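Just so we're clear, the structure is a prediction, and the values are computed from it rather than from any experiment.
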Amino acid sequence: MDQFFNDSTGAGEDGEIDARGPWNEGGDWDRVEAPAFQDLRQTDRAGSESRVDDRSTSTSESPEALEELLVDQLRDLLNAEGQLVKALPKMAEAANSEALRSAFEVHLEQTKGHVERLKEVFGLVGVQAKGKPCKGMQGLIEEGEEVIEEAEGKDPAAADWP
């Protein structure tokens, strides 16, 4: 028996609608309310006015602090995606296999789309789209550069595998 945990918070503008689809219907699915909401929903059924409001689950007393964190993370993402836009063409050029080269090229186009969407988000938040150095992506790209360097002189099939 497969279980599906319903983690939605309700319906309408104050909560997520209960999602239904082939992934959680038919067959031997057992729909279970999320354990975190079970007590609250049982209270609701008993006639209480309480309900799940996902807007009240923050532990922050300051919405400004949350917005600052959001902007900080967006800046990190923007820089990470920008680094990747610069690195992927080099990786595609170094690939020996056509399939690998094609995968890098597809990834590049997707990543350019990520950059554009991030810039849109900055506009929605009303903040300048400016990156903050992402050391994690920098490390991954350095690792990729090492793989490319170590591949020199190897058999082409072996060169594409670190």
### Task
With rounding to the nearest 0.5 Å, note down the distance linking CG in L74 to NZ in K119.
13.5 Å

Closest heavy-atom pair and its distance - [X], [Y]:
X    : Y    : result
I141 : L84  : CD1-N, 4.0 Å
G144 : M91  : CA-CE, 4.3 Å
E81  : V115 : CB-CG2, 3.6 Å
C134 : N79  : N-OD1, 2.9 Å
V125 : E67  : CG1-OE2, 3.9 Å
A129 : L78  : C-CD2, 3.8 Å

### Query
Mind checking whether V106 and L88 sit in one hydrophobic cluster, side chains of I, L, V, M, F, W, Y counted as touching below 4.5 Å?
no

### Message
Taking L108 as the starting point, is it possible to reach V147 by hopping between hydrophobic residues whose side chains are less than 4.5 Å apart?
### Response
no

#### Entry: Side-chain touch L140/Q83, heavy atoms, less than 4.5 angstrom
no

### Message
With a 4.5 Å cut-off on side-chain heavy atoms, are E98 and R101 touching?
### Response
yes

Could you work out, with salt bridge (charged side-chain N to carboxylate O under 4.0 Å, His left out) as the rule, every residue matching [X], not counting sequence neighbours?
X    : answer
R117 : none
E109 : K112
E64  : none

#### Entry: Residues which pass side chain to side chain contact (heavy atoms under 4.5 Å, CB included) with L100, listed by chain and number, not counting sequence neighbours
A95, S97, F104, D160

### Query
Which residue pairs satisfy the side chain to side chain donor-acceptor pair (under 3.5 Å) criterion with at least one member in residues 140-152, sequence neighbours excluded?
Q138-E142

### Task
Can you run down the side chain to side chain donor-acceptor pair (under 3.5 Å) pairs that involve residues 125-134, sequence neighbours left out, and say none if there aren't any?
D72-K132

